[in-house]
Structures are given as structure tokens and as C-alpha cells.
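These notes concern the structure reproduced below.
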Amino acid sequence: AQSVTQLDSQVPVFEEAPVELRCNYSSSVSVYLFWYVQYPNQGLQLLLKYLSGSTLVKGINGFEAEFNKSQTSFHLRKPSVHISDTAEYFCAVSEGWASGSRLTFGEGTQLTVNP
Amino acid sequence: DVKVTQSSRYLVKRTGEKVFLECVQDMDHENMFWYRQDPGLGLRLIYFSYDVKMKEKGDIPEGYSVSREKKERFSLILESASTNQTSMYLCANAGTGDNEQFFGPGTRLTVL
């Protein structure tokens, strides 16, 4: 069975600082990987996804993530954060076509950007 | 603008009541999902459906049931609500072969 671990439950940073949110997964087959963001009192929206091809994936709002198969990681990065990036971030994994679009989510990381 | 709507944003019910949470999507997607979200636990899958009248148990189906009579509508039912079902409930949908899921705004349910 697949699983996802987000290594930090809370990440406080100052505005304009770089940030990395860490995600590790376990699976016995090839996977698709996703990062979602949830702003207060809203549902989740997709930041970026890795399906195949280049291991460096660029998403919305200046975020990017790198798929590392040997380390089974998919860490999310942004070089300079804004106050508006304060939100909860979820990493998710799917075992591709066989899973029928089913996702397994991590526990979430609360990113707080301070002025 | 594509939409996934949930019947209520906030709901307060009493222990033992039957509760219906409804989700409607206009994306013509086959797959629909119900999750509950709790602090520190992320999203956990309750039930999902690949097609009309089809349903599959997720990771935490106990105490819940679902109904999918039409492609665009997926209902979550709490037969007899309990306080441990106080949570945020999120509905999502995805197309066939496309693992990206699209989420509704969520229903925050409080059971007293």
C-alpha cells in the first residue's frame, strides 16, 4: 500500500525568504505525485503535479517541486515567499492508472509567512 | 468556470440524527470522492464512486454510507451522527485516467 509522510507539520518563515516543504512517499509501483494548497476556509486546489518526464515540475504561484525516485521524495520549494502564501499544503500520491484516480494524502504542512 | 458545490458550508447536528451531505459537480467526471479532514491527520478517504450506482469503501467507511443516483451528484450519509464525526468533509471529483482531483469548498460539521 502507498503512504505519504510530510516531515514538518508547521513551517514558519519570514516574507521573501526561501522555503522547502518536505514530502516522502512509499509505493511498490510507479507513482504520480501532487501538491495541493488549502487557504483558510476553502477547499484544496492543485499547485503542481508530476506524472512523467522532467523531474523538476513548475506550478502556480512560483512554486516548484523535484521528484527524486531514489530518495522517494517530492519536496516543494519557493525561492521567495509572500504573506499570501500562508496556507496548509498537502502532498499526495497516486499509483497511476491502476488506482482509478484514488489519492493518498500526507498529514499536511502549515506554512506561516510572517512580515 | 467549473464548479464543485457542497450543500452547506457549516452544519450543526445532534447525536443520533441522520445527516445528509451533498456534492454536485458540473465537470461531467466519472469519479467522485468523500474525505474527512482532521488536524494532524490530513485527508482520509471515506468512500468513492467510479460510476452511477457504484461505490467503493475507502480507508474509514465505518459510520458512513453514500448514494450516487446521478453522475453529477454524490451524497454522504451519516446514519446516526456521533460526536467523533465532528470534522471538515470535503468532496472531490476526477475524470477517468486523470488522477488530478477537483475539490469543493468543504462542509464543517459539528455534532453535539
Side-chain angles (χ1 to χ4, degrees), chain A residues 1-11 21-25 27 29-52 57 59-60 67 74 87-110, chain B residues 1-10 21 23-25 27 29-51 54-61 74 87-109:
Chain A
Q2 60 200 23
S3 67
V4 179
T5 302
Q6 291 183 239
L7 296 158
D8 306 292
S9 60
Q10 300 200 31
V11 174
L21 306 184
R22 298 179 294 166
C23 172
N24 285 97
Y25 69 92
S27 175
V29 299
S30 296
V31 296
Y32 298 158
L33 293 156
F34 303 80
W35 275 99
Y36 283 85
V37 61
Q38 184 181 36
Y39 298 105
N41 299 313
Q42 294 187 25
L44 277 68
Q45 66 181 85
L46 183 71
L47 267 181
L48 49 79
K49 61 184 175 183
Y50 170 79
L51 303 181
S52 64
V57 180
I60 62 171
F67 170 55
F74 191 54
E88 189 153 24
Y89 292 79
F90 292 94
C91 181
V93 63
S94 167
E95 290 185 342
W97 290 83
S99 73
S101 303
R102 179 172 174 167
L103 295 177
T104 298
F105 286 85
E107 305 89 344
T109 297
Q110 175 64 45
Chain B
D1 192 19
V2 295
K3 279 195 174 173
V4 183
T5 58
Q6 294 186 228
S7 48
S8 306
R9 292 301 303 275
Y10 299 93
L21 302 181
C23 175
V24 179
Q25 51 110 351
M27 305 175 75
H29 281 165
E30 294 78 9
N31 304 311
M32 297 189 75
F33 308 82
W34 274 107
Y35 297 90
R36 63 176 285 174
Q37 180 183 7
D38 300 287
L41 297 178
L43 278 70
R44 293 179 290 167
L45 183 64
I46 304 172
Y47 266 96
F48 58 106
S49 169
Y50 291 133
D51 203 348
M54 293 183 65
K55 60 184 179 184
E56 297 281 344
K57 292 181 180 179
D59 300 318
I60 51 164
F74 192 33
S87 186
M88 169 71 90
Y89 290 87
L90 291 164
C91 170
N93 67 85
T96 298
D98 181 350
N99 296 76
E100 179 180 347
Q101 292 187 14
F102 298 85
F103 285 81
T107 295
R108 188 167 295 280
L109 172 68

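The shown structure was predicted, so the numbers you read here are calculated from the model rather than taken from an experiment.
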Show your reasoning for whether side-chain contact (heavy atoms from CB on, under 4.5 Å) applies to Leu51(A) and Glu100(B). CA-CA 10 Å; Leu51(A) 303 181; Glu100(B) 179 180 347; over 6 Å; no
The interface call for Arg9(B) against chain A, heavy-atom contacts under 4.5 Å, is side chain
In terms of heavy-atom contacts, Phe90(A) and Gln37(B) come closest through CZ-NE2, 3.3 Å
How close do Tyr10(B) and Asn41(A) get, counting heavy atoms only, and between which atoms? OH-OD1, 3.8 Å
Tell me, with the steps shown, if Leu103(A) and Leu43(B) meet side-chain contact (heavy atoms from CB on, under 4.5 Å). CA-CA 10 Å; Leu103(A) 295 177; Leu43(B) 278 70; over 6 Å; no
What's the spacing between Arg102(A) CZ and Phe33(B) CZ if we round to 0.5 Å? 9.0 Å
Under 4.5 Å heavy-atom distance to chain A, tell me which part of Leu41(B) shows up: side chain, backbone, both or neither. backbone
Less than 4.5 Å to any heavy atom of chain A: does that hold for the side chain of Asp59(B), its backbone, both, or neither? both
Is Leu46(A) close to chain B through its backbone or its side chain, or both, or neither, when contacts mean heavy atoms under 4.5 Å? side chain
How many angstroms lie between atom CZ of Phe105(A) and atom OH of Tyr35(B), to the nearest 0.5 angstrom? 4.5 Å
Below 4.5 Å, heavy-atom pairs only: which of Gln110(A), Gln45(A), Gln38(A) has the largest tally toward chain B? Gln38(A)
